[in-house]
J.: 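Provided herewith is a single structure, encoded as structure tokens, for subsequent inquiry.
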Amino acid sequence: MTTSGVRVRIAPSPTGEPHVGTAYIALFNYLFAKKHGGEFILRIEDTDATRSTPEFEQKVLDALKWCGLKWSEGPDVGGPYGPYRQSDRKEIYRPFVEKMVKDGHAFCCFCTPERLEKMREDQRAAGKPPKYDGLCLNLKAEEVTARMAAGEPHVVRMKIPTEGSCKFVDGVYGEVEIPWDAVDMQVLLKADGMPTYHMANVVDDHLMKITHVARGEEWLASVPKHILIYQYLGLKPPVFMHLSLMRNADKSKLSKRKNPTSISYYSALGYLPEALMNFLGLFFIQIAEGEELLTMDELAEKFDPENLSKAGAIFDIQKLDWLNGRWIREAITEESFLARVLEWASENDRLKEGLKLSRSRITKLGELPDLAGFLLKSELGLTAADFAKVKSTPEELHEILSTVQADLEKMPEWTVASIEAELRAVADRLGKKLKVVVAPLFVAVTGSSRSLPLFDSMALLGRSVVRQRLKLAIQIAASMVGPKN
């Protein structure tokens, strides 16, 4: 694997809470650059305009900085190959797409979303994998020109070879071969003029002189599309490396439906960033037992990209807890420990704002731990008995908690006002009074039926902690619902 002039990047999409999987891929790229004296770049891939938000972009930056990762180029620090946000690069991509159309490697597609959905339904019903059927592939140039002149909405798709296969060498998987008939005629430019991930990805990696692309194995099947775009444009592709996904102990994919996956969740619970990076870094190195406690510099020194496992990285929370405990006891000074505790308690202003909210609800300071302690707890230790004072039936309890969690997942902003508005909307939709919806949430989120104001508490705890607390409360509510006859 050639490594001269190494330039690598992490390119997250700001469409939700930053995932520990993003930290895992970012750490690999960071260590790779550090090992080879190269550059580590941050690029924001926000071509999905409907889901990308400035709030989530800031969360990405904050989360990766909290992890201790530093980039030499990015949307916040600039650099010679900017802008580093795809939405700011919109006009850069069109000439590349137009060249592919002009050279006969891409075509205009006028198929409506309704037609495409019907096509996919029919393919699925016939037991075939859904992919574009080529209806617009051979339209005559005059017809294309006329339909475009009439303002008919269209996208641009890439052409795919009809026979043979794409062969390439992956830095982790070695020689890979994927038949062309398994590759879809990918949309390159959307009707709104924004490129798709695939087109923007290739153009940006080329213009930013990226030498090695290290990402999750879920992108392995997309490599033929990317290689083809490079070929169509007459460009040299980078070295591809696809890392095994992080998985649960049962080998299932790490997902927020099963586990807490947000970086902010681990930060809120008091994990040290050094411990989390240490834990993730152990997936990329070979060490003997007893050598597990490693700083970022030590990880970079032992980092060996030539010997990566394809078996999958198991996210073992018990091992993370063990490492975090060792970091607290062995790897930071007493002064640092005290400073870290205060910094952690003050995160998101939860201590200061929590104390302000507590003031009107206490008669003596000694009542504070019982009233506001939930803001700092790792776990509430809830049981079915904690919901005894809630007047809803177990079935209603389960319905309320499940509906609220699903709705909160869709909220673009996480503020006191937006949380209140969402919960009022849920109450209206369920045909219940707000206090009926709020009652079980008080218990689920704070561990008590008497606590600080709910909307403020949820905002202070943060989206990822509230998500996990609701998930556990839903499990309790489900256990309270008797077996169906």
Side-chain angles (χ1 to χ4, degrees), residues 9-27 29-30 40-71 73-78 83-88 197 215-216 246 254-257 259-277 280 315 343-353 375 405 407-419 421-422 445 455-471:
R9 49 67 167 178
I10 178 73
S13 299
T15 55
E17 289 277 333
H19 192 287
V20 286
T22 301
Y24 165 72
I25 300 294
L27 178 61
N29 280 281
Y30 179 80
F40 172 63
I41 295 129
L42 173 68
R43 183 172 75 225
I44 296 294
E45 299 203 336
D46 58 350
T47 53
D48 186 347
T50 56
R51 294 172 61 223
S52 299
T53 69
E55 180 206 3
F56 284 135
E57 179 181 318
Q58 191 57 49
K59 281 184 178 291
V60 167
L61 295 174
D62 291 345
L64 294 177
K65 285 176 184 173
W66 177 83
C67 288
L69 300 172
K70 297 182 180 71
W71 41 94
E73 301 167 32
D76 54 335
V77 295
Y84 292 89
R85 186 183 294 109
Q86 284 181 338
S87 57
D88 295 336
Y197 163 84
R215 55 193 176 191
M246 281 200 297
L254 196 66
S255 73
K256 67 185 180 186
R257 284 182 294 280
N259 309 83
T261 56
S262 301
I263 296 170
S264 60
Y265 176 82
Y266 293 94
S267 168
L269 261 64
Y271 287 89
L272 303 189
E274 295 95 333
L276 182 59
M277 292 298 98
L280 296 176
F315 195 89
E343 185 184 347
W344 163 73
S346 303
E347 191 177 280
N348 198 23
D349 277 341
R350 61 183 163 181
L351 184 61
K352 183 176 76 175
E353 295 302 321
L375 289 171
Q405 185 182 39
D407 275 39
L408 293 182
E409 288 290 343
K410 299 170 192 161
M411 283 175 52
E413 288 186 332
W414 190 261
T415 63
V416 175
S418 60
I419 291 167
E422 198 65 40
V445 170
F455 310 137
D456 299 78
S457 298
M458 291 172 72
L460 287 176
L461 283 167
R463 191 191 299 260
S464 57
V465 172
V466 170
R467 174 195 291 139
Q468 182 65 7
R469 290 189 179 180
L470 285 177
K471 191 168 77 173

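Atoms considered below: every heavy atom in the structure, side chains included; atoms not considered: hydrogens, waters and symmetry mates. Just so we're clear, the structure is a prediction, and the values are computed from it rather than from any experiment.
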J.: What is the minimum heavy-atom distance between D407 and E422, and which atoms define it?
T.: OD2-OE2, 3.3 Å
J.: Quick check: do E55 and T415 have side-chain heavy atoms less than 4.5 Å from each other?
T.: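 Heavy-atom side-chain distance check fails, nothing below 4.5 Å.
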J.: Please check: side-chain N/O of D46 versus main-chain N/O of S87, any donor-acceptor pairing under 3.5 Å?
T.: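 Checked: pair present.
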J.: Taking only Lys NZ, Arg NE, NH1 and NH2, and the carboxylate oxygens of Asp or Glu, determine whether R85 and D88 approach each other closer than 4.0 Å.
T.: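 Between D88 and R85 there is a salt bridge, with a charged N closer than 4.0 Å to a carboxylate O.
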J.: Within a strict 4.5 Å, meaning less than it, do heavy atoms of the R469 and V466 side chains meet?
T.: no
J.: Are D456 and R350 close enough for a salt bridge, meaning some N to O gap below 4.0 Å?
T.: no
J.: Does the side-chain contact (heavy atoms from CB on, under 4.5 Å) test come out yes or no for L61 and W71, once each step is laid out?
T.: CA-CA 10 Å; L61 295 174; W71 41 94; 3.9 Å; yes
J.: Taking H19's backbone N and O only, do any of them form a donor-acceptor pair with S262's side chain (distance below 3.5 Å, no angle check)?
T.: no
J.: Are E45 and Y197 linked by a side-chain donor-acceptor pair shorter than 3.5 Å?
T.: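 Note: E45 and Y197 side chains miss the donor-acceptor criterion.
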J.: Considering non-hydrogen atoms only, spot the tightest contact between P412 and R463 and give its length.
T.: O-NH2, 3.6 Å
J.: Could you verify whether a donor N or O on one side chain and an acceptor N or O on the other, from D48 and T15, lie under 3.5 Å apart?
T.: no
J.: Check whether any side-chain heavy atom of Y30 lies under 4.5 Å from a side-chain heavy atom of I25, and answer yes or no.
T.: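 Not in contact.
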J.: How many angstroms lie between atom CG of L461 and atom CZ of R467, to the nearest 0.5 angstrom?
T.: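 These two atoms lie 13.5 Å from each other.
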J.: For residues 263-271, please give each side-chain donor-acceptor pair under 3.5 Å, one per line with the distance, not counting sequence neighbours.
T.:
residue : atom : partner : partner atom : Å
S264    : OG   : E17     : OE1          : 2.7
S264    : OG   : S464    : OG           : 2.8
Y266    : OH   : P260    : O            : 2.7
S267    : OG   : E347    : OE1          : 2.5
S267    : OG   : E347    : OE2          : 3.2
Y271    : OH   : D321    : OD1          : 2.4

J.: Start with the C-alpha distance between K352 and D349, add both sets of side-chain angles, then the distance that settles side-chain contact (heavy atoms from CB on, under 4.5 Å), and finish with yes or no.
T.: CA-CA 6 Å; K352 183 176 76 175; D349 277 341; 4.1 Å; yes
J.: Any donor and acceptor pair, going by atom type alone, linking the side chain of S346 with main-chain N or O of E343 inside 3.5 Å?
T.: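 Judged by distance alone, no pair lies under 3.5 Å.
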J.: With sequence neighbours excluded, what pairs up with F56 under the ring-ring contact (aromatic ring centres under 6.0 Å, His included) test?
T.: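 In terms of ring-ring contact (aromatic ring centres under 6.0 Å, His included), with neighbours along the sequence ignored, F56 is linked to no residue.
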J.: Tell me whether K70 at atom NZ has more than 12 heavy atoms from other residues, nucleotides or ligands lying less than 6.0 Å away.
T.: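 12 or below, so no.
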J.: Between CZ of R215 and CZ of R9, what distance do you get to the nearest 0.5 Å?
T.: 6.0 Å
J.: For the atom pair CD (E73) and CZ (R43), what is the distance rounded to the nearest 0.5 Å?
T.: 11.0 Å
J.: Does the side chain of L280 reach to within under 4.5 Å of the side chain of M246, using non-hydrogen atoms?
T.: yes
J.: Any side-chain donor paired with an acceptor under 3.5 Å for S13 and R51?
T.: no
J.: Have a look at I10 and tell me which of L42, I41, L27 forms a side-chain contact (heavy atoms from CB on, under 4.5 Å) with it.
T.: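 Checked L42, I41, L27 against I10; only one passes side-chain contact (heavy atoms from CB on, under 4.5 Å): L42.
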J.: Could you check whether any side-chain N or O of Q86 sits under 3.5 Å from a backbone N or O of I44, counting only pairs where one atom can act as donor and the other as acceptor?
T.: no
J.: Report the C-alpha separation of L351 and L375 in whole Å, then their side-chain angles, then the decisive distance to 0.1 Å, and conclude whether the side-chain contact (heavy atoms from CB on, under 4.5 Å) test is met.
T.: CA-CA 8 Å; L351 184 61; L375 289 171; over 6 Å; no
J.: Taking all heavy atoms of C67 and all of M277, pick out the closest pair and write down the distance.
T.: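 Reported closest heavy-atom pair: O-CG, 3.1 Å.
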J.: Looking only at atom types and distance, does a side-chain atom of W414 sit under 3.5 Å from a main-chain N or O of L408, one as donor and one as acceptor?
T.: no
J.: How far does CZ of F40 sit from CG of L64, to the nearest 0.5 angstrom?
T.: 7.0 Å
J.: Taking all non-hydrogen atoms of both residues into account, name the closest pair between G462 and N348 and its distance.
T.: N-ND2, 4.4 Å
J.: Check whether any side-chain heavy atom of M458 lies under 4.5 Å from a side-chain heavy atom of V416, and answer yes or no.
T.: no
